[in-house]
Each structure stands twice: as C-alpha cells, then as structure tokens.
Amino acid sequence: MTVPLVWYVFLALILFTIGLVVIVSRHNLIYTLMGVELILNGANINFIAFARALGGKYPIAGNIFSIFVIVLAAAEAAVALAIVLHVFGHFGSVRPEDPNMLRE
Amino acid sequence: MSQLQAYIKDLGWIGPELVLAATALVVLLVELYRRGRKSGWSLGLALVITLAAGFGLSWLGRTFSAALGRPVDLRLDVAVLGLVYVLVTMGDLWFKGDKWDRLVPGLVVLAGTLLAGYYAVGLMSALSADPKGTSVFGLQLVDSYSVYFKLLALVSLLVVTLFTMNYRDLKRGFGEYYLCLVGAHLGIMFLVSSNHLLLIYLGLETLSLSSYLLAGFRKEDPRSAEAAVKYVIYGGVASAIMLFGFSLIFGLGGSLDLVEIGRHLAGTAQGSNRVLVGLGMACTLGGLSYKIAAVPFHFWCPDVYEGAPTPVTTFLAVASKAAGFAVIVRIVAVLGQGPGWLEKVTSLMAVASALSMTYGNLGALHQTNVKRLLAYSSIAHVGYILMAVAALFGAATAGEGGTFHVDPRAAESILYYLGAYMIMNLGAFGAVIYIAKSAGSEDMDDWWGLGWKLPVVSGVLVIFLLSLTGIPPTVGFYGKWLLFRTAIAGGFLWLAVLAAVNTVFSLFYYFKVAKVLFLKPAEESRGVTVRPAAVMAVVLVALGLLTLFFGVLPSALESLAGASAAAL
Amino acid sequence: MTAEFLAFLVVAAAAVSGALITLWSKSIVRSAFGLILAFLGVAGVYALLGCAFLAITQLVVYVGGVVVLYLFGVMLTPPDLEERRASRVSFWAALGLVSLVLFSISLFGTRLPSSQGKPMGDAAGIGEALLTRDAYLLPFEIASILLLVVLVGAVHLARREKKKAQENAEGEEA
C-alpha cells in the first residue's frame, strides 16, 4: 500500500504555514527569503504528488514544473541577496524596517 | 521537412517577442564593443560572440531556405556575417564620447521596439478575421486579446526608453539597464499570451525579477536601494504564495491549462474539496493582486514608486500593471465560471476594488512628493478597474451546463481603460521627469509658479491630470464612463456610487498640482536651472494630443478594445 | 504500517523539523542549517515519489547552491542578537498552528485521487519533453532569457564601483 496523497498535501501545507510564520515573525531580510524557499518547497511537493496521482502526461509535467520552480527560486535568491547586500551597504542593517527614507 | 515548416510558422506567430529578444542581445553586444575601448578582453569576447552569431544566423538562413525549397546560396553566409559585423561595430566606430554611451543602447532599443511593434500591428490585422487566434508551441495562445496587451507593452517600452534617454540621474550601466527593461517587457509579452500555469509563472517571474533589478538601478542613491529591497522581499513572498495556489489549482483542477482547469473546477463549489480549491484560488488571486498593487497588497507601492528611478516608476505603473490585469482577467474568467464560485470570486474583487479606490484617494490627499501622489492615484485607479473585473460576468446568466460566461462588453471596458490609463500615466510621469529636473526637486512645494516658466509641459500635465480625474473631453472620462456602465450592468451599483464619490475626492489632489504650478506669478518661483531636451517635450505633447484625441473620438480605441475582448 | 509509510514519516519529519529549526533558532547560521535539513527531507519526498532526477536537482541546486548563497549573505552581515527577542515567534507560531489545524480538518475530509504507484518520469523523459516543440521547448528558452537578464542585472548591482578613482577622474576634468 502506498502513502495516500492527502499526507503529501498535508506536508506541503505544514511547510507553507511554517514558511509564512517565518516571514511574518522574523525581523531579518534573509529570514524572509528562507521563508519564501519553504513555501516554494511546499508547492513543489504538491506539484509532484498531484502529478503522480493524476497520471497520464502529468508526471512529466509535474517534474518539469518543479524543475522550473527550483531554477527560478535560485535566480530569485541571487537577485534578492544582491539587493539585500546592496541595501546593507547603504543602511548598515538587514532588518526590514530599517531602510525608511521613503516615509513621510 | 514538415516539422521544420511547422517551426517556422510558430516562430512567425511570436515574431514581436523574437525581435525583442534579439534587441536585448544586440544591446549587450554593443555594450561589449563599447567597453572594448578600454579593455581588450571585452573586445575579444564581443568579436567571438559576433562571429558565432553571424555563423548561427547564416546557418539558420540556409536551413530555412532549404526547408522552404529555395536554392541555397553560399554567398548569403558571407553577406549576413558582414552585415552583422558592420551593424554591431558601427556603434563603436561612429559614436565615440560619453554622450553616446547614453544614446546608443537607447537607439538600438527604439529601433527594435519599432520593428516589434510593426510586427505586432501586422499580427493584429491578421487576427481581425479570427480573434480566437492560434496556439503556438503547444503553450502560447496568440489571440487578439494578447496582441492588444503586447501593443500596449511595446508603446510603453518605446516611451519609457525615450524617457530614459533624457533622464540625467541615471549615470552608468545603460547596457545593463536596457537589457533588464527589454527583458521585463519580454516577460510581459509571454505572460499576456499564456493560458498555461507554467508559462504564467515563468512570464511573471521574468517580469518581476527584471523589475526588482530596475528599481534599484541608481546604485548611489539609498532611496533606490530601499525601493528595490521592499519590492523584492514582498514580491518574492507574493509570488511564492501565488505558486502555492497554482499547485493546489493544478492538483484539484487536474490540469495545467487554464481552460481545462476552469472546466474541472466549475462544479466543485459544493464538493468535498471546496476548502482546498478555495485556498488555491485565494492564494492565486492574492499573489496576483500584489502585481497590480490592489489593497490589501498595496503597501510596497508608494515607497517603490517614489524610490525607483522615474522612468522605471513609469514602467511599473503602466506596463507591469497592465500585464497584471491581463492575467487577473484571464484567471477570474476561468475561476469564476462555476456556480458557487462566481459570487465568491466577484465579491472578493468588489471588496478589493472598494478598498483600493478609497485608500488610494485618501492616501493621495496629503502627499507633497508628486511621484508618491501618483503612486496613490494609481492604487485608486486599480480600484476603478477592479470594479469592472468584479462585473466581468455581466448580469451573470448561466449558460450551458450551469457555467457562466464573460460579458464581452465588460472585458472591452477593462481593455479600453487600460489603454487610456497607459496614455495618461505615461504622460503624467514624463511631465514629472521634465519638471522635476527643471526644478531640481520632486516636491510640490518647490514647484510654485513653475507653470509660467515651463508653460508647454505644465499645460500638458494639467491635461493628463484632468484625464486622470475623468473630466471630459479626455480619454480618462470616456474610459471611466465605460467602467461605470459595466459596474451598473453587472449589478454593482454601490461600487459605482462609491467610485463617483471617490472621483470627486480625487479632484482635490489633482488640482493641487495644477494650482501649485499656475497660481503664483512667475517672478516668485524658483529659477529653472536645467532645461531637459526638447525631445521630451515633443513626446509629452504627442501624448497630450492622444489623450484629447481619444477623448473626442473614442471609437478608434474602443473598436480595437472591443475586437480584442472578443477573444476571451 | 508499511515500509514506504515509514520512510515517508522519516523524510517528512526531517522536512518539518528542519523548517521548525529555521523558524525557532536564535542564530541565523543555525537556521540556515535547519533549512538544509528541510531541503534534504523534501529531496527524500521526491525520491519516495519516484522522481530521482528531481531529488538530485533539489540536492544540487538548493543544498549546494541556494543555502550556500544564504550563508554568504549571513557572513557578510553582522549578527543581530536582539532580533530573535524582538520577533514574536511564539505568537505567530500559535496562530499558524490554529489555522493549520482548521485547514487540515477539511483537508482530511477531502476526497483526492489515489496515488497508486504510477510511474514518474525519468531523466530521459524530462529531457525529451524539455526539447520538444509541442511540449516545453518555449519555457526552456524563456528561462534562458530570464537567467541572462538576472545574471547581468545582479552583477551590475553587486559590483563594487571604483568610486574613488572615478571621483578623482571627474575632479581632474573639472
């Protein structure tokens, strides 16, 4: 007997929730990026698990969607870190509330 | 052989995108050659790439001409190679000096955009017989709806490039800048013609990642860095949430194709998995709302618009927002068609609409920085457009099988207003670039009496502000009238009334700008230190004339929007 | 309790506990290592579902690339000892737990398609689909444009300008 699909979706939902909690609670830009990665991993588990359950042409589609997600996540991490380090050079902080020149 | 011909046919349908991609590469090559003046490495690299590209092109030409049954002429190879070499090195041989550093990549982008636009206009007229279009590469949907948005994106790219060439605050990195700008527009063009979750995600990320980089492009300015970091952090969160929604919709809708998903999800409102489907829909719509800055996903908008370089702000307010709406309309049309889901999706949109317009207008009331004011105003306009998205299904009478269908007149009003919004916002931001450079400040308090010193541009700005308020005879008035008509026809009378009240409020802050410019006599104003190039003024006057032209004769744009909406 | 279910429990526990370490830890370096554990767990899930290629990709890109990138980011910024106290993790975690429980009640009442051992794609199938015209050739090409743009733009932002030298040159010209 194989593991029912619902358990995979449950795991994905747990990762999604933890990722969201990391994003809203931790006051550090790098933590926010880590939370984003957790959410993306949750989504990927969903894609693969559902793809396997759907069968037909979807196993390949799910695999490919996940590979693209991984590629884009890496690109986004690179861009975000470049920007975060750039901001650190200007403001000397990686807390999200510290760059605040744009408020009246 | 037929395989190859099918390729060529498909490539023809995505011609504008191919031209833009080639433009991006040429910008990069030109930049390498220009750097080559100082470093032998860059020159060598550029030479190698040019040779490779020339050989690649001539190989492609040979293969294609063989496939089409034409005789192969080997002299073509040499000719193509020579032509590419001459074109790319020309930039270096003819245009020396720092002034050309700014102009050459811009000129390349202008040329590429015009070519792509010519191509897109051709596609548009080819599609007039059959608006539903065709699907290429199995994933892209080239219909008149997507080509309309591609035209909007190309117009925006053209004008933003012109603005950038006259934007003196950007001092270096022009090649990189234009590469990111063209890349972002490429993302938009793939995004608007996709009906497939993977391509929507990919197009959206291409657009977003390029925009994050563009927002932070003024490296010496901490405000630009702050704008970039706010944009990238919240944008990353929004796109991750959207992707999680996609994964649920994929699983429960049983497909990656939007049309099939819609068919599968239509009956799930009463089923056992309605909670999961609802979560998927909420995540998807929430993540997309970030892109258009609808309340409650708007908080990045004022800061990013203020901090980013003004041409980038123009792009974010116009092309990026239009692309977001293109996807939202497609997705709402799919998700809302099932009974039970219709009320949920449209009431979600209606609430977002009401909040956005009210918040945007209240926020704009006490702004003094003009870019920030326009940011709040753009949030308000998102609210107006969402009003029509909520009424997308018109009077919502169920068709065959109990599913609902999009009201083409509602879609038409959205497309028309996005076109109108583009013209007037391009103009407004361009005028801000012009006046802010002359006054040396983006703050309204430094603009007192400047209208008499810069009469043409200030006058045109007043036209754009009238249009943004929605006063006849401007394009904004007619567009708003269409939106109101759609909302009332769709049963959202309360939204229309709220929008009318909001319009009255918006008069105050739009007229504050006009008052500042013209109320005090010229003698009491600060001096005009710099006068931007005349090209800027010409572009702005042209946009102002368009605003008036489509206000007096709206049928030209309306018939185009109507034909495009028919494809939905 | 079959062997597969047991294996699933192990990898899921690794993923969740890694994520929790990321959330809870005081030191951001430890959080990054928690992230590695979570990614390893997710790679295990992929392997369990029969996606060997994806599992390897996950290991190479996430564990080998992304986390290392984050560690670089962490090392280049000073430690912020006050951060954990300022962030009200317990409050938000409790909120997350409540909503998770509410959602999972309806989740386990959902009728989902069964995942009886259908074959997943192998590397050859994926590669073929990526380069086939009517499958995923176009996304593959779009991704290449995206990566080019990101590469050039990120280098522009991260590159350190020779500020002094330029200012001196400008000063001499003036």
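Numbers restart at 1 for each chain; the letters A, B, ... are given by sequence-line order, proteins then strands.
Taking the side chain as every heavy atom from C-beta outward, C/F53 and C/D122 never approach each other to under 4.5 Å. Side-chain contact between B/L191 and B/L207 is present, with at least one heavy-atom pair separated by less than 4.5 Å. The shortest distance between side-chain heavy atoms of C/L131 and C/F140 falls below 4.5 Å.
Contact of B/L179 with chain C is made through backbone and side chain together, with heavy-atom distances under 4.5 Å. Contacts between C/L157 and chain B at a heavy-atom distance below 4.5 Å involve backbone atoms as well as side-chain atoms. Looking at B/F137, both its backbone and its side chain come within 4.5 Å of chain C, counting heavy atoms on both sides. Residue B/L248: no heavy atom, backbone or side chain, is found under 4.5 Å from chain C.
Each of C/I142, C/L137, C/V152 has some count of heavy-atom pairs under 4.5 Å with chain B, and the biggest count is that of C/I142. Comparing B/L252, B/L279, B/L199, B/L276 by heavy-atom pairs within less than 4.5 Å of chain C, the highest count is held by B/L279.
Taking a 6.0 Å sphere around CZ of C/F72, one finds it holds 12 or fewer heavy atoms contributed by other residues, nucleotides or ligands.
Note: C/F39 and C/Y62 have tilted aromatic rings, judged against thresholds of 30 and 60 degrees for the angle between ring planes.
The two residues B/L202 and C/P139 make their nearest non-hydrogen contact at CD2-O, 3.3 Å.
Aromatic ring centroids of C/H156 and B/F217 lie under 6.0 Å apart.
For residues 13-21 of chain B, a heavy-atom distance under 4.5 Å to chain C picks out B/I14, B/A21, given by residue number.
Listed for the C/T77 side chain is a donor-acceptor partner under 3.5 Å among the backbone atoms of C/G73. In terms of modelled atom types and a separation under 3.5 Å, the side chain of B/Q140 and the main chain of B/F190 share a donor-acceptor contact.
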